[in-house]
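Index from 1, following the sequence. On a predicted model such as this, the values are computed, not experimentally measured, just so you know.
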Amino acid sequence: MPRISFGLTVERIRDESVARASCPDRSGKLITMLGKTSPLQFIFILLLANNVLQCASMNVAPKHQPHTQRLQKNTLTPKQLDELIQSPHIGYVSDEAKSLEIFVIGTSHFRCNSAQEVTTLIEQVQPDGVVLELDPERVLRLTKQSNGFDENGAYQGQQNPEEILYGADFVAAVNACQQMDIPMFLGDEYAQETRQRLTQQFLSWEGYSPAPLVKSLLSSIARAEHERKVRLSLPRTFLQDPQKLAPIAVTSSPPFVFALAFSLFDNGAMAYDGSVITNTLETIVSIIISFLASCLLFNTVIAERDEILAASTVRASNVVRSLKDKTSIRKTWSFTVKKDAEQSTGDTINTSQSLPLFTLKTPLKKAAIRNLNLFEPRWLKMIDQVTKEKDPIFGCVRCTNKFYSAISVNGEEGRYADIIFEKEGTIATIQELKEGKRPVSGDRKVNVAIQGGDSFVVDESNLSVTDDGYMVATNESPTNIVHDGDDASPSQAESSRIVVVVGLLHGNGVVDLLSKS
């Protein structure tokens, strides 16, 4: 059986009983060494080759000068923009037809200069939105740790940003956006979804297709003549900050180093009894299988997630446009995470004077029945207040972006909420309510059946947030919240800028996909 290394830190040592003749052929040693290369090493070596080809194809300049006129915005001049995107870790895509500019910054998630680079880019660009390579679970975990809270919400002391080992780049982006009041968008899928796709494609031949990897290698050669984009340069990035190479080197170098040492210092004798041919065949098979495994990892962990990140960026640009056109509303606030979800004893909300708002992923249509499973403390508080009224109603609005991060609120664990939703909503009438308990924790939950009623439009000037953490449209009756978009004034000519924060290996894939979309 061929000896194949799929691990990242160990390499099998051959235990040959036959004496081996010394092989002075260096090419044979190189092939043997490649046979021991792990899938992660194949991906890294091929991606490096891709970026070397990219730099070589640019003749003089390490980065391509885009054929486009810079869009004027804020205090950033065209000259400053040109200087900014010459940074090797920053990619750039522009669409003049949509008045859109996208800056893709490639980062290393481990301790290096990436955190400061992310903060600097956001401060200089002053974007209309920032897309992060995170999912809801990861953003909460990272921000809880950075704010000094453990998994149970107990305060352990504020963490020094310089002591953050993993995720400092994302934490820096979140902090900068909160300080500058910039909308944030989660661009990645859940980790469980990635693992599930990897498992599903393990038995599928399509998952081992080398086409995406080969296409990535050739992309820098077959380029459009009027391409309005700038790609990242990995070699220059690693030379500028060698610490960014550390995570890849630590995880993938041990087998490579061992194989190199083994091939250079192996002076044993090999008897010419057919073992040379056998060893060569084993090495060739090892190279082929390792390459296919590399293709599987590249397709699932990198290429397919590039598509997800690019699609999330397009969605973010559309949401930003809806804010500029005033068809959506953005609201930010903070609230504490209360562990007890007992029935509320607070003041009763008079729904004839105010309307609590509940956000949905899809709009509630008139006469439609929808079942809600409520367990978050703020929604339980809201439903308790609503059911105290004679006619229990609340408003449902379609949420186009939802971002929550952990913060400290008066020394307690809290949440920073950044919500964008469409102005037009639907009145929901409670048809049935059932109390229950969550299966694992035993915490309270409520199942609510609602029915859609009349539509309304939220007046942003009459929008507020309760102490319990949910929005209400105040001082209006539901029928008088309609304003038919009086203040709507679409501004198609106004430019938009988006910053995308992703890992270095995702940078060029995202840039290429965005330039084609």
Side-chain angles (χ1 to χ4, degrees), residues 1-12 34-50 104 106-110 131-142 166-167 169-170 186-217 219 234 247-256 285-313 315 500-514:
M1 289 292 293
R3 295 165 175 81
I4 307 164
S5 172
F6 286 97
L8 300 181
T9 58
V10 293
E11 174 69 21
R12 295 192 202 177
L34 289 175
K36 300 180 180 183
T37 305
S38 68
L40 184 59
Q41 293 166 248
F42 263 100
I43 295 176
F44 176 61
I45 292 172
L46 292 174
L47 286 175
L48 259 184
N50 176 31
V104 180
T107 66
S108 173
H109 306 323
F110 288 85
V131 180
L132 304 175
E133 185 201 334
L134 289 175
D135 61 69
E137 292 181 354
R138 280 183 285 167
V139 72
L140 279 180
R141 184 166 61 248
L142 287 174
Y166 178 84
D169 51 335
F170 296 130
L186 298 176
D188 204 1
E189 64 181 353
Y190 285 94
Q192 305 94 295
E193 294 174 320
T194 303
R195 289 194 294 267
Q196 184 178 2
R197 284 191 298 104
L198 184 61
T199 303
Q200 291 174 346
Q201 295 198 30
F202 184 77
L203 299 177
S204 171
W205 286 110
E206 294 180 358
Y208 297 90
S209 171
L213 191 55
V214 173
K215 185 178 179 180
S216 177
L217 292 172
S219 61
L234 292 184
I248 301 176
V250 168
T251 56
S252 64
S253 61
F256 188 79
V285 173
S286 297
I287 293 174
I288 294 174
I289 296 181
S290 292
F291 176 74
L292 291 176
S294 300
C295 292
L296 176 65
L297 291 176
F298 181 87
N299 295 341
T300 307
V301 180
I302 298 179
E304 292 183 3
R305 285 177 62 215
D306 288 349
E307 296 178 1
I308 295 171
L309 293 167
S312 297
T313 303
R315 179 183 63 82
V500 186
V501 183
V502 296
L504 277 166
L505 296 184
H506 288 290
N508 284 330
V510 173
V511 167
D512 292 340
L513 289 169
L514 289 174

Q | Test log, rule side chain to side chain contact (heavy atoms under 4.5 Å, CB included), inputs V131 and L309 | A | CA-CA 8 Å; V131 180; L309 293 167; 5.6 Å; no
**Q.** Y166: partners by side chain to side chain contact (heavy atoms under 4.5 Å, CB included), with sequence neighbours left out
**A.** H109, F110, L142
Q) For S312 and G187, which heavy atoms make the closest approach, and how far apart are they? A) OG-O, 2.9 Å
Q.
Applying side chain to side chain contact (heavy atoms under 4.5 Å, CB included) to V500 and V511, what does each step give before you reach the verdict?
A. CA-CA 10 Å; V500 186; V511 167; over 6 Å; no
Q: For residues L505 and I302, report the shortest heavy-atom separation together with the two atoms involved.
A: O-CG2, 3.7 Å
Q) Is there a side-chain contact between F170 and V501, using heavy atoms and a 4.5 Å cut-off? A) yes
Q.
T313: which residues meet the side chain to side chain donor-acceptor pair (under 3.5 Å) condition with it, sequence neighbours left out?
A. none
Q | Any residue meeting side chain to side chain contact (heavy atoms under 4.5 Å, CB included) with L513, in chain and number order, not counting sequence neighbours | A | D306, E307, A310
Q. Is there side-chain contact between L134 and L186, with at least one heavy-atom pair below 4.5 Å?
A. yes
Q | All side chain to side chain donor-acceptor pair (under 3.5 Å) counterparts of T194, not counting sequence neighbours | A | E189
Q: Could you list all the salt bridge (Lys or Arg N to Asp or Glu O under 4.0 Å) pairs where at least one residue sits in residues 296-305, not counting sequence neighbours?
A: E133-R305, D188-R305, R197-E304
